[in-house]
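Step one of this worksheet: look at the structure below.
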Number of protein chains: 2
Amino acid sequence: MSRMPTVKDVAEHAGVSVGTVSRVLSGEAAVKTMLREKVNDAISALGYRPNVTARALRTSRTDVIGLIVPDITNPFFAQLAASVERAALERGHSLMLASSHDDRGAEQSHVLAFLDRSVRGIIVVASSDGPGLHLETAVPVISLDRRFGAFPLVSTNHAQAAALMADHLYELGHRHIAYIAGPPDTEAGRMRKEGFVGRIDRCGKKGEPVELELAYGKFDYESGERIARDLLSRPPQDRPTAIAAASDQQAIGALRAARDLKIDVPRKLSVTGFDDISLANLVVPRLTTIRQPADTLARRAVALLLEEPPGKADEMIDGSLIVRGSSGPRAQPKAVAGHKN
Amino acid sequence: MSRMPTVKDVAEHAGVSVGTVSRVLSGEAAVKTMLREKVNDAISALGYRPNVTARALRTSRTDVIGLIVPDITNPFFAQLAASVERAALERGHSLMLASSHDDRGAEQSHVLAFLDRSVRGIIVVASSDGPGLHLETAVPVISLDRRFGAFPLVSTNHAQAAALMADHLYELGHRHIAYIAGPPDTEAGRMRKEGFVGRIDRCGKKGEPVELELAYGKFDYESGERIARDLLSRPPQDRPTAIAAASDQQAIGALRAARDLKIDVPRKLSVTGFDDISLANLVVPRLTTIRQPADTLARRAVALLLEEPPGKADEMIDGSLIVRGSSGPRAQPKAVAGHKN
DNA sequence: CTGAAAGCGCTTACAG
DNA sequence: CTGAAAGCGCTTACAG
C-alpha cells in the first residue's frame, strides 16, 4: 500500500484488535507474549510508525518541548538551546524554538502558540522580568536562566558565582574595581551585581578598602565596549585596575576598548566576564570568567518539566571560576581614594 | 466552561453548523456576511482558538517548518536559524529545530521525526554531503547553505563571493597567499576554494604571478588557528603575506595565531574570513570578510518550501565583500618563488 | 488479557 | 450558501 500503515493495518496483519496494537505500542498494559510478538512482527513487516498527530489529538499531549529564548544569536543562549535540545532528545522529546527578540509581546504570543500545539512543556529564558503573565496552564512552564513570570526558575547561582569573581579580583590585589552590570530589570543582572558588590563590600570591610564603581548596560558587546571606553578614558591614576563584567560579551567589548586605548590586559588592567561562552577561550587574551553549567541547567529544566507533578521549586546551580589570561595581579599599588558604592 | 472551546461551542453560540464555523475560519469558502459575523462574534466571545492538532490530523499538514543545522552554537548557523525563524513567522509558521552534530545518522533520524510530525516542510543545512538519502516524500525539503541529498539548494554563490576576496587581496598587492579551505566533503568548502583559487589563478596569469598555498581544515576556530600557526612559524620571507580563510571562525583562529606569534595584522599579514558573523566586527582588528545574506537566504528557502508546487531549482545569492581592518596592502615587495597550486 | 466502540476537534465531500 | 455526517489515526474506559 502506498499510504502510511496505521494501527488498523498492523492489527489486521497481526490478527488482533487495534486496541491490542495500541497497548503493545504504549508498552504499559500487559499483553500476552504471543500477541505482543505478532504485533511487533507486523510493525516491522509494515514499517509502521505511529502517527504522532493522532496520538496528540487523543491525549492532548505531545513529546515536543517549546523553548523561548530572547535571541538565538547570543552565544550563551545558543549554547543553552543546544543543551536543552540534547537534554530533550535524551528523554525522547523534540524541541520547538522561538525567539522573543526581547519583546514581551512576542514572548507571550509564542507561549500561546506553543499551547495551541499542545506541547509537553515550555521552557522560557525570559526577555526581562516584570509583572509576567499569570496564565494558569495545564502545561508546565519552567524559567531558565532568567525568570519568566512566576514560574519556577532553574539558573546558575548568579550571586554565588559573581562572588567568586569578587574574591578572585580582591585576592589579586585590585582595590579600584569597576563592575559593568547587566540590565537591572533582569533577575540575572541584579543577582550578579548583588553577589559581586556584596562580596567586594565584605572584602573591603574585613581587609583593605576597595573603591567600587558601578555602571549598567545591556548584556551585549556594545554596552561593554562603551562603558569600558568611558572608564578607561581617564588619566591612568583614576582608572580602575580591574573591570568585572556581567557577561562575556560585555567583557569582550571591554577588551576591545582596552585594546583601542592601548591599555595592556592583564598587566595594566584585568577584565573578567561571566558565562564562559566558547568565544571566551578564543579572544586575546583569553577571558577569565564564570562558567555557567549550561548542560546541567538544561537537563534540570527538562527534568522539572517532565516530572509528575512538574517541579515547583527553584533550582540554583553553582557556577565556577575559570581563570585565564585576562586577569592578573594589580600592577603597582596606588593611593586608594576611598570606598564608594 | 473550563475546557477550551471548540468549533462545536462556537457553532452553538452562533447558531450555525460546525461546517460553517470551519468555513469562516478557513476564510476560503464563501459564507454569507451575516453568518460570518455571527461566527466571528462567537469566536471572540468564547475566546476560541483552533486546535491545531485536530486540524493537522484531518489535513495531515501543519504550519511547522523543521530546521536541521549541524550545530546551533556555530554563530553562522545561529544567525541562519534566527533568520529562518523570522521568515517562517512572517508567513505564519513556527520552527522546530534540531541539531545533527555533523552526524548523518542524527540528521536522518531528525528528518524522519519531522516527517512523523507532518511538518509543512523541512529545511536542512547538511552536515556534509555524500550519497544522501533518497527519500521521496510528500513533504518538501530544501537544502540551505550546504546541500542535503539531492534537494534543491539555496545558498550564497560561494564561488562568486570567494572570487571577490581573491580580487581584493590581489589588488592589495599580495603575491604570496595562503588559503585555508573548508572540508572538501562540503559543497560550500569546495565552491569557496574553487572560486578563490580560480580567481587567483586568473589574476596570476593576467598580471603578476601569485604563489598560492592551500590547506584544508574544518570550518572552526581550531583549524584556523592550527593551520595559521604552521604557516606563520616559518622565517618571515617564507610566510604568506595574506591568509584567506573559508570561514570567519577559521580567520579568527588565524588572527589569534598571528597575535601569539607577534605578527602585526594587517601591516605584516592580511587575514580575511567568510560569513560575516557578528563577531567579525568585534575582533581586533575587525575582520575583512564576505557577507552571506542570511536573511535573504532564509527567506528564499522558506518561500521555496511554501510554493505550490515547492521550488525545484537551486538558488544562488551573491555575497558581498566587507572590507575592515584585517586586510591591507602588502608591506614590502618580496621575491616571488613562483606559482604553485 | 482482549475486543468493540466511542471520541479527541477538526475539515470536506455530499446533498440540497 | 449551508447542514449533516464521515473520517483523519489514535487511546482508553467499558465489558467480558
Side-chain angles (χ1 to χ4, degrees), chain A residues 1-40 42-43 46-64 113 115-120 138-139, chain B residues 1-40 42-43 46-64 113 115-120 138-139:
Chain A
M1 73 198 66
S2 82
R3 59 179 179 73
M4 296 259 72
T6 70
V7 273
K8 202 169 155 221
D9 302 315
V10 174
E12 277 170 15
H13 194 280
V16 300
S17 74
V18 294
T20 299
V21 174
S22 179
R23 282 184 273 261
V24 171
L25 249 22
S26 78
E28 303 275 323
V31 176
K32 264 198 184 142
T33 312
M34 207 177 64
L35 287 195
R36 178 184 306 279
E37 282 169 359
K38 275 193 195 166
V39 170
N40 283 326
I43 286 173
L46 299 176
Y48 168 78
R49 297 183 67 113
N51 180 316
V52 292
T53 306
R55 186 175 283 176
L57 177 59
R58 187 49 230 254
T59 61
S60 31
R61 191 174 253 215
T62 62
D63 56 359
V64 174
L115 258 20
D116 282 346
R117 290 185 173 70
S118 322
V119 293
R120 178 65 181 75
V139 170
Chain B
M1 73 197 65
S2 82
R3 60 177 179 75
M4 297 259 71
T6 69
V7 273
K8 203 171 154 219
D9 301 317
V10 174
E12 278 171 14
H13 195 278
V16 301
S17 73
V18 294
T20 300
V21 174
S22 179
R23 282 183 274 261
V24 171
L25 250 20
S26 77
E28 303 276 322
V31 175
K32 265 198 184 141
T33 313
M34 206 179 62
L35 287 195
R36 179 186 305 282
E37 281 169 358
K38 274 192 195 164
V39 170
N40 283 326
I43 286 174
L46 299 176
Y48 168 76
R49 297 184 67 113
N51 179 317
V52 291
T53 306
R55 185 175 284 176
L57 177 60
R58 188 49 229 254
T59 63
S60 31
R61 193 174 251 215
T62 62
D63 57 359
V64 174
L115 258 20
D116 283 345
R117 290 184 174 69
S118 325
V119 293
R120 178 66 180 73
V139 171

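All values reported here derive from a predicted model rather than from experimental measurement. Chain letters run A, B, ... following the sequence lines, proteins first and then strands; every chain starts at 1.
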| said: According to side chain to side chain donor-acceptor pair (under 3.5 Å), who are the partners of B:Thr20, at least two apart in sequence or on a separate chain? | reply: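 For B:Thr20, the residues satisfying side chain to side chain donor-acceptor pair (under 3.5 Å) (neighbours in sequence not counted) are B:Ser17.
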| query | For the residue pair B:Tyr48 and B:Thr6, what are the closest heavy atoms and their distance? | reply |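 Looks like CE1-C, 3.5 Å.
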| said: Please give me the minimum heavy-atom distance between A:Thr53 and B:Ala56, naming the atom from each residue. | reply: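 Shortest heavy-atom contact: CG2-CB, 3.5 Å.
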Find the distance [X]:[atom1] to [N]:[atom2] and express it as a whole number of Å.
X: A:Leu25; N: C:dT2; atom1: CG; atom2: C1'; answer: 16 Å
X: B:Met4; N: C:dC10; atom1: CE; atom2: P; answer: 10 Å
X: A:Arg61; N: D:dC10; atom1: CZ; atom2: C1'; answer: 16 Å
X: A:Arg49; N: D:dC10; atom1: CZ; atom2: C1'; answer: 16 Å
X: B:Arg36; N: D:dC1; atom1: CZ; atom2: C1'; answer: 11 Å
X: B:Lys8; N: C:dT11; atom1: NZ; atom2: P; answer: 16 Å
X: A:Arg55; N: D:dG9; atom1: CZ; atom2: C1'; answer: 10 Å

| field | Within-4.5 Å side-chain heavy-atom neighbours: A:Met4 and A:Asn51 | value |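 No - every pair of side-chain heavy atoms lies 4.5 Å or more apart.
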| request: Searching all strands shown, indicate the nucleotide that pairs with D:dT2 (Watson-Crick or G-U wobble; both distances under 3.5 Å). | output: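 C:dA15 - that is the nucleotide pairing with D:dT2, both distances being under 3.5 Å.
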| said: Any base atoms under 4.0 Å from B:Val16, or only sugar-phosphate, or nothing? Heavy atoms, all strands. | reply: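 Counting heavy atoms under 4.0 Å across all strands, the contact made by B:Val16 is with sugar-phosphate only.
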What nitrogen or oxygen pairs link the protein and nucleotides 4-8 of chain C at under 3.5 Å?
unit_1	atom_1	unit_2	atom_2	d
C:dG7	N2	A:Arg58	NH1	3.2

| In a check of side-chain contact (heavy atoms from CB on, under 4.5 Å) between A:Val16 and each of A:Val10, A:Val24, A:Val21, which one passes? |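 Output: one option passes, namely A:Val21.
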| said: Applying salt bridge (charged side-chain N to carboxylate O under 4.0 Å, His left out), can you list everything that pairs with B:Arg120, at least two apart in sequence or on another chain? | reply: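 With neighbours one apart ignored, the set is B:Glu308.
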| said: Nearest to the B:Ser22 side chain among C:dT11, D:dC10, D:dT2, which nucleotide is it? | reply: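 From the listed options, C:dT11 comes nearest.
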